[in-house]
Structures are given as structure tokens and as C-alpha cells.
Amino acid sequence: MDHAGDAHRTDLMTITRFVLNEQSRHPESRGDFTILLSHIVLGCKFVCSCVNKAGLAKLIGLAGETNVQGEEQKKLDVLSNEVFVKALVSSGRTSILVSEEDEEATFVESAKRGKYCVVFDPLDGSSNIDCGVSIGTIFGIYMIKHANDPTLEDVLQPGKNMLAAGYCMYGSSCTLVLSTGCGVNGFTLDPSLGEFILTHPDIKIPKKGKIYSVNEGNAKNWDGPTAKYVEKCKFPKDGSSSKSLRYIGSMVADVHRTLLYGGVFLYPADKKSPSGKLRVLYEVFPMSFLMEQAGGQAFTGKQRALDLIPTKIHERSPIFLGSYDDVEEIKALYAAEEDKK
């Protein structure tokens, strides 16, 4: 990339312009989806600003509560949640919101109601705030089924029904990765303009990668196929090079690297967490949607991740996602295990 040339470019593709261009391809569109996305983008900018000055604003301390998942809430978690709830409600385009931080779904009052449901994790990886590691926001968008009388059924849909998904990573730069079902594009916030600029057009994950990403501290509790796959990564028997282990512990950061460089991200079920650890609606589904749109795969150990039908808003699932060929290897190991039974 010619960064020197980019510094003087005047024809910049901002995320607003990009989304409006996409909208123009759908003559029947009334702009509701564009307005909703612009409110999500505003929420991301606000949280990015808060993250950047977290230490100065004394936002790093604990809020003295635990969220519904039993995790200690940091002040920044609470703030980020409020920012997104208010941004999404004020857009006038949402009916139901599901946040990791809230035990119940939020039903928007009828006067401000729209035709979309948004599921989101306002600040993924928040335990890493204190040490300056990348954290992020994950979101997914569904169309509502019952326009006049929204119910939880509108949210408890399989991931393949999502209209759009994305994440915003707050790290050395602020990067927003988005798919509206036609490929994946990445935008980076230019602080001098206050705008997200298209920097990673049409992201395609390599068909096979050299990196695997998993918390090996849980190895003693893994099932057979997971243990075999990781063993194969470290000690390949076909003469190929070993894969490198990279694990950050922020899903957004680990998936972002996997998307750009290839490889596989694993958060399997184990004896401690037989249902897995990551939440289906606002972690597994959006990331699986992005992976598939970029040419990769997402698998739960039993089925395609996007075919799952959640029964609860905070349901969990194991997940293996990343490069197509790498996930194929994992699927083959689970199929072999199933054949033995």
C-alpha cells in the first residue's frame, strides 16, 4: 500500500459513502438500514474515544457489579453498553436489542420502533483494558418478523438469517470490519477527519493458514478431536511446517488476525464448559457470518455454526472458525470420532 500517496488522496471512500453506494443498488431501499448503520458507527467512535482516554478519565476501575455472565463489569463496559443502547434506540430503526451486559432483551417503545433487531457485545475482551491489549465491539443485525408485535422469536433465529454483522476493534488503530452479505470490507478511523476510511476492501481469508489460536491452558479438558488437531498443528506428520500459536484472549483481536492472515481460531467445548464459552448470538454468529463472507468456514464441532438455532439469548456454543482448509481438517476429525461411536 502506498501510504505516502494515500496521505494526499482526496477521493476517500468513507464508510457513509460506501453504505450509500450499496443502498443505491437497491432501488426499493428507504435508507432505514443506512441510518441504523450510521448510529452503530457513531457508537463505535464514541467508545473508541472513551477507550483512548480510559486511564485519564478513571474509567478503568470496576463498577462494583458483575454482569449476567458472572464477569466483573468494568466502568468502560457499563458506559459502552449505555452508548450503544442509546444510539440504537435513538436511530428509530430497532425493535429489540440484545446485549451481553443485560440479562433481558430490551424492547424499544412503540413510538421509536423500527424493523431491525440488533445483537451486540459492547466491549469484548474488557479484561484486557488495563494492559492495553486490543478490545472491541461485536454486532449482528436481523430483520424483524413480527413488525407490530416484536417477540424474542425475532432474535432467536439462525445466524444465516443475519442481514449484516461486524466488529470494531480499538487497538493501535480503530478498525471497523463489516459485511452486509456481499463480502467483507475493513475501514480505519482517521482521527483527523473523524471518519472511517475504506482501507481493506473485499477481504478474503487465505484458504489455508500458518497460525492456530486457542487457549492451551484448557488442554487437559479438551475432547479427542480438538486435542488431535492441536497436536497436528504442533507436530505435523506429513513433513509440513508446524503452525504458530497466537492467542490474545480478545475474540475481536484474535479473529481479526485470523481473517487477515489465515489460520484457525478455536474455542472448543471442554469438561469445564461442555457447551463452550462464547455466546451464540453476539459472538459466534457475527464472527461466523464474517468468516463465511470472506471465504472461510465456521463449525461448532457438530454443524455449520450459522445453522444453529438458539433457544436463549445468552446461549453458548463451541466454535472453530477460519481458513476453509483448516476448518475442513477439524470437521474430518470430528466425523472420524463420530464414526467410532
Side-chain angles (χ1 to χ4, degrees), residues 1-25 29 31-54 76 79-80 83-84 86-88 90-91 93-94 116 118-125 134-141 162-205 250-253 255-257 259-260 282 286-287 289-291 293-294:
M1 189 181 280
D2 179 10
H3 291 290
D6 276 0
H8 300 291
R9 277 176 56 201
T10 51
D11 183 29
L12 296 172
M13 177 62 80
T14 66
I15 193 165
T16 309
R17 181 176 157 197
F18 180 86
V19 171
L20 286 170
N21 283 358
E22 289 291 305
Q23 184 189 318
S24 66
R25 294 182 193 173
S29 170
D32 288 340
F33 189 68
T34 305
I35 290 167
L36 174 59
L37 275 176
S38 72
H39 279 72
I40 291 173
V41 168
L42 179 62
C44 291
K45 288 179 186 173
F46 192 115
V47 173
C48 178
S49 170
C50 294
V51 168
N52 287 341
K53 57 191 180 195
L76 205 49
L79 182 69
S80 304
V83 165
F84 278 103
K86 284 175 180 168
L88 291 165
S90 66
S91 73
R93 302 300 184 275
T94 58
Y116 298 107
V118 182
V119 293
F120 60 99
D121 183 347
L123 208 62
D124 176 72
S134 295
I135 52 182
T137 299
I138 309 171
F139 61 90
I141 302 171
M162 275 187 172
L163 292 181
Y167 60 81
C168 188
M169 185 173 71
Y170 316 111
S172 54
S173 59
C174 180
T175 307
L176 195 151
V177 174
L178 174 70
S179 175
T180 54
C182 304
V184 181
N185 292 279
F187 304 81
T188 304
L189 184 64
D190 181 336
S192 61
L193 294 173
E195 286 280 5
F196 280 100
I197 309 296
L198 181 64
T199 49
H200 298 75
D202 196 22
I203 297 170
K204 295 284 181 221
I205 185 170
S250 285
M251 189 190 191
V252 167
V255 170
H256 186 66
R257 184 201 55 250
L259 197 59
L260 296 184
Y282 41 80
M287 294 309 201
F289 187 91
L290 290 166
M291 276 298 164
Q293 286 294 320

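What you see is a predicted model; the values in this text were computed from it and never measured.
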Distance-only criterion, 3.5 Å: show the donor-acceptor pairs between side-chain atoms of residues 178-185 and protein atoms not counting sequence neighbours.
unit_1, atom_1, unit_2, atom_2, d
S179, OG, G181, N, 3.1
S179, OG, G183, O, 2.8
N185, OD1, D202, N, 2.8

Between [X] and [Y], what is the shortest heavy-atom contact and its length?
| X | Y | answer |
| --- | --- | --- |
| L189 | F196 | N-CD2, 3.5 Å |
| A165 | L290 | O-CD2, 3.6 Å |
| K45 | G194 | NZ-O, 2.8 Å |
| S90 | H39 | OG-CD2, 3.7 Å |
| S250 | G125 | OG-CA, 3.7 Å |
| S91 | L36 | OG-CD1, 3.9 Å |

Exercise. For T16, which residues count as a side chain to side chain contact (heavy atoms under 4.5 Å, CB included) partner, sequence neighbours excluded?
Worked result: T14, L20, E195
Exercise. Quick one: side chain to side chain contact (heavy atoms under 4.5 Å, CB included) partners of P122, sequence neighbours excluded?
Worked result: S80, N81, F84, S99, E100, E101, F120
With no hydrogens and no angle check, is any side-chain donor or acceptor of [X] less than 3.5 Å from a backbone partner on [Y]?
| X | Y | answer |
| --- | --- | --- |
| R17 | L12 | yes |
| R257 | V255 | no |
| D124 | V252 | yes |
| S173 | T175 | no |

Exercise. Going through the distances and angles, do L88 and F139 end up as a side chain to side chain contact (heavy atoms under 4.5 Å, CB included)?
Worked result: CA-CA 11 Å; L88 291 165; F139 61 90; over 6 Å; no
Exercise. Does the side chain to side chain contact (heavy atoms under 4.5 Å, CB included) test come out yes or no for I138 and M287, once each step is laid out?
Worked result: CA-CA 8 Å; I138 309 171; M287 294 309 201; 3.9 Å; yes
Exercise. For Y116, what residues pass the ring-ring contact (aromatic ring centres under 6.0 Å, His included) criterion, not counting sequence neighbours?
Worked result: F33
Could you give the distance from [atom1] ([X]) to [atom2] ([Y]), rounded to the nearest 0.5 Å?
| X | Y | atom1 | atom2 | answer |
| --- | --- | --- | --- | --- |
| N21 | M13 | CG | CE | 4.5 Å |
| H200 | F187 | NE2 | CZ | 11.5 Å |
| I40 | I35 | CD1 | CD1 | 12.5 Å |
| Y170 | N52 | OH | CG | 10.5 Å |

Problem set entry | K86 atom NZ: more than 12 heavy-atom contacts under 6.0 Å | no
For this session: For T188, enumerate each residue passing the side chain to side chain donor-acceptor pair (under 3.5 Å) test, keeping only those at least two apart in sequence or located in another chain.
Result: T199
Seminar exercise, completed: Taken in chain and number order and not counting sequence neighbours, the residues that satisfy side chain to side chain donor-acceptor pair (under 3.5 Å) with D190 are S192
For this session: Kindly determine whether M169 and I135 satisfy side chain to side chain contact (heavy atoms under 4.5 Å, CB included), including the steps that lead there.
Result: CA-CA 6 Å; M169 185 173 71; I135 52 182; over 6 Å; no
For this session: I would like to know whether C168 and C174 meet side chain to side chain contact (heavy atoms under 4.5 Å, CB included); could you show each step before the answer?
Result: CA-CA 7 Å; C168 188; C174 180; 3.5 Å; yes
Exercise. Do L259 and M291 have side-chain heavy atoms sitting under 4.5 Å apart?
Worked result: yes
